[in-house]
Amino acid sequence: MEVYRKSLKEGVEVSVWVDDLTRHEADALVNAANEYLHYFGGLAFALLKAGGPEIEGQCKLFIEKNGPLSAGQIVVTSGGRLPCKQVIHAVGPRWSEDQKEECCLKLEAAIINVLKYVNAPENNIKSVAIPALSSGIFNFPQDWCAQVIVQTIRNFVQLAPLFGYLQEIHLVNIDETTADVMKKACEDLLGVNDIVPQSGIPDSITVNELCLQIKKGSIETQQVLKTAISKGLAKTVEQKLSSIAFPPLGIKDLHLPSNEVAEIMVEEIMHFAVEQIGKKLDVYIVVPLDNIDVYEAFCAKLMSVKSKLEEKMDCGNVDTIAELQTDLQANPGFERNGPFVELIGRSHDILEKAGRWLGDIILVEETGRIVIRNHNILNLSSVQPLELSHLQQHFGINILESASGAGAALEIEGSPRAVIDAAFAIEFMLQSTAKQESLKMDGT
């Protein structure tokens with residue numbers, strides 16, 4: 001049974017299924033293998049039994065010639081009697097609480113190797129079925145497993161060159177609990193389910209920019225989170241404190257998706273700000289270093305709120321804002337024959353800086369490179385030492401830090417889309433670092 005489906009803009013469809021992998025129809029099935037391709041139980045044994053002696057023979061022959069595999073590696077055999085062309089035996093990591101990051105990287109490597117194989121034109125694979133690797137006898141936590149698998153698929157589809165053969169990625173698990181965890185990860189990372197509810201009635205409609213959505217969930221749960229935020233803020237003001245820090249509330253305890261938590265928390269804080277005019281208060285939302293997706297959800301919501309506030313400011317002060325144009329725009333012979341960006345503001349200095357920054361962003365499409373210069377870069381390494389490393393892994397980019405007489409700089413290289421996304425994330429981090437340094441100065 002298919003419980004989730006999402007068509008990505010690159011033309012690949014990702015879906016979640018509650019199904020028996022030994023009977024699931026796809027060009028390639030992924031098997032949860034161990035280093036020696038020995039199958040004594042679980043999904044691996046079920047696939048081997050259903051596929052027949054041909055698969056077992058090919059596995060033994062490979063190990064005899066090449067020796068054992070390492071976590072993250074794959075081996076491909078025929079499909080035997082299974083409803084597929086090939087079986088991809090992927091070795092996932094054994095979970096270790098003391099080596100969480102290494103386990104996640106090894107699982108990511110296994111999924112990347114699977115996707116590279118099925119994406120290669122010479123293999124002629126149009127569909128692949130992937131189970132929750134390592135979540136069985138290797139004890140990888142299901143929620144972490146789902147996050148790594150879905151995030152890796154998303155990044156691969158967005159960043160890797162696709163050749164048009166691979167069309168479908170099925171995430172298949174026989175038990176509903178695992179499928180539900182995988183479905184939630186897809187909703188968090190890929191977006192709303194494309195499957196129309198069984199009643200045949202769509203769950204959302206947009207009229208004149210107003211979007212009405214029917215959502216499954218508990219309104220009481222959302223109210224609990226809103227109340228917690230508003231009470232925390234009110235108590236801070238009441239005690240005349242200058243700042244308060246919140247973790248991302250509700251993701252684990254209330255089982256809310258990260259984008260919904262970001263929506264509720266940021267909106268509640270903004271609502272409080274409107275009511276508390278004139279009272280200075282710094283509010284921090286502190287996201288753990290390993291929660292990149294939660295961090296991105298809050299950054300996206302913050303950018304959305306910032307854009308709306310800027311639109312209101314521009315509309316409300318249209319008579320007092322002096323329109324400052326670039327030399328090109330001010331030229332009487334200038335014609336707007338295509339897309340253009342017009343910068344409006346009160347300060348020539350700020351507009352010039354914004355223009356240079358925007359020009360750098362536009363050039364990324366051609367060069368795949370951008371250099372960020374900011375005096376807070378030196379502080380970034382001490383305040384958030386692991387963040388740049390996480391960004392490199394997450395976006396698949398290279399970041400080089402340097403310092404000279406002209407100041408500190410970060411050079412980012414990679415695919416244009418990844419470089420731009422990373423640049424926005426780093427600019428946000430630099431702003432946060434500047435605020436923290438300001439607080440330290442105030443404290444002294």
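The basis for the numbers below is simple: all heavy atoms, side chains too, and nothing from hydrogens, waters or symmetry mates.
- Between P416 and V364, some side-chain heavy-atom pair lies under the 4.5 Å cut-off.
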Step by step, work out the side-chain contact (heavy atoms from CB on, under 4.5 Å) result for Q58 and V87.
CA-CA 11 Å; Q58 292 176 24; V87 175; over 6 Å; no
Should D188 and K184 be marked as a salt bridge (Lys or Arg N to Asp or Glu O under 4.0 Å) after you check the CA-CA gap, both sets of side-chain angles, and the distance that decides it?
CA-CA 6 Å; D188 288 347; K184 183 179 181 301; 3.2 Å; yes
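- In summary, R356 and D360 do not engage in a salt bridge, as defined by a charged side-chain N under 4.0 Å from a carboxylate O.
- Considering CD1 of I149 and CG of L189, their distance stands at 12.0 Å, rounded to 0.5 Å.
- The shortest heavy-atom contact between V294 and S258 is CG2-CB, 4.0 Å.
- Counting only heavy atoms from C-beta outward, the side chains of L171 and Y4 never approach each other to under 4.5 Å.
- Taking CD1 of I63 as the reference point, atom NE2 of H38 lies at 7.0 Å (rounded to 0.5 Å).
- Judged by distance alone, the side chains of E411 and S402 never bring a donor and an acceptor atom under 3.5 Å apart.
- Residues F138 and A33 share a closest heavy-atom pair of CE2-O, 4.0 Å.
- The shortest distance between side-chain heavy atoms of V128 and Y117 does not fall below 4.5 Å.
- A donor-acceptor pair under 3.5 Å is absent between the side-chain atoms of K106 and the main chain of G92, judged by distance alone.
- Side-chain contact between W144 and S135 is absent, with no heavy atoms from C-beta onward closer than 4.5 Å.
- Screening residues 151-160 for salt bridge (Lys or Arg N to Asp or Glu O under 4.0 Å) gives R154-D293, R154-E296 as the qualifying pairs, with residues at least two apart or on separate chains.
- Judged purely by atom type and a 3.5 angstrom limit, N113 uses its side chain to pair as donor or acceptor with the backbone of G72.
- Here the straight-line distance linking atom CG of L82 with atom CG of L21 works out to 8.0 Å at 0.5 Å rounding.
- For residues 52-65, the set of pairs meeting the salt bridge (Lys or Arg N to Asp or Glu O under 4.0 Å) definition, not counting sequence neighbours, comprises E56-K60.
- The shortest side-chain heavy-atom distance between W95 and K100 falls under the 4.5 Å cut-off.
- Taking SG of C84 as the start and CG of L47 as the end, the distance is 8.0 Å to the nearest 0.5 Å.
- Side-chain atoms of D98 and S96 include no donor-acceptor pair closer than 3.5 Å.
- The side-chain heavy atoms of H89 and I55, taken from C-beta on, include a pair separated by under 4.5 Å.
- Between the side chains of Q142 and T178, at least one donor N or O sits under 3.5 Å from an acceptor N or O.
- Taking all atoms of both residues into account, the shortest heavy-atom contact from A110 to L133 is CB-CD1, 4.4 Å.
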So L29 and V172, side-chain contact (heavy atoms from CB on, under 4.5 Å) or not? Walk me through it.
CA-CA 10 Å; L29 300 182; V172 183; over 6 Å; no
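- A donor-acceptor pair under 3.5 Å is absent between the side-chain atoms of D19 and the main chain of E2, judged by distance alone.
- The heavy-atom pair separating Y165 from P121 by the smallest distance is CE1-CB, 3.5 Å.
- Without hydrogens or angle criteria, N34 side chain to Y36 main chain gives a donor-acceptor distance under 3.5 Å.
- To the nearest 0.5 Å, atom CD1 of residue I269 and atom CZ of residue F246 are 6.0 Å apart.
- S127 places a side-chain N or O within donor-acceptor distance of the main-chain N or O of D27, the cut-off being under 3.5 Å.
- Looking at N173, its side chain does come within 3.5 Å of a backbone N or O of A132 through a donor-acceptor pair.
- For T152, the side chain to side chain contact (heavy atoms under 4.5 Å, CB included) partners at least two apart in sequence or on another chain are E108, I111, I112, V148.
- Every residue two or more places apart in sequence or in another chain that forms a side-chain hydrogen bond (donor to acceptor under 3.5 Å, both in side chains) with K183 is listed here: E187.
- Scanning all heavy atoms of the two residues, the minimum distance from A71 to P93 falls at CB-CA, 4.1 Å.
- The two residues V16 and A179 come nearest to each other via the heavy atoms CG1-O, 3.6 Å.
- A side-chain donor-acceptor contact under 3.5 Å links D20 to the backbone of T22.
- Few gaps surround CD on E35; more than 12 heavy atoms of other groups in view lie less than 6.0 Å from it.
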So E168 and S15, side-chain hydrogen bond (donor to acceptor under 3.5 Å, both in side chains) or not? Walk me through it.
CA-CA 8 Å; E168 299 175 16; S15 54; over 6 Å; no
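- Side-chain atoms of V150 and M182, non-hydrogen and from C-beta on, do get closer than 4.5 Å to each other.
- Side-chain N or O atoms of T236 include none that pairs as donor or acceptor with a backbone N or O of L241 at under 3.5 Å.
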Quick one: do D194 and S7 satisfy side-chain contact (heavy atoms from CB on, under 4.5 Å)? Show the steps, please.
CA-CA 8 Å; D194 286 347; S7 295; 4.1 Å; yes
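- Applying the ring pair (Phe, Tyr, Trp, His ring centres under 6.0 Å) test to H170 and every residue at least two apart in sequence or in another chain returns W17, H24.
- For N119 (side chain) and L115 (main-chain N/O), no donor-acceptor pair under 3.5 Å exists by modelled atom type.
- How far CD1 of I372 is from CD1 of I412: 4.0 Å, rounded to the nearest 0.5 Å.
- For residues 111-128, the set of pairs meeting the salt bridge (Lys or Arg N to Asp or Glu O under 4.0 Å) definition, not counting sequence neighbours, is empty.
- Two residues are said to be in side-chain contact when any heavy atoms from C-beta on lie closer than 4.5 Å; I88 and V118 meet this criterion.
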Derivation and outcome, side-chain contact (heavy atoms from CB on, under 4.5 Å), residues F156 and V114:
CA-CA 11 Å; F156 186 90; V114 169; over 6 Å; no
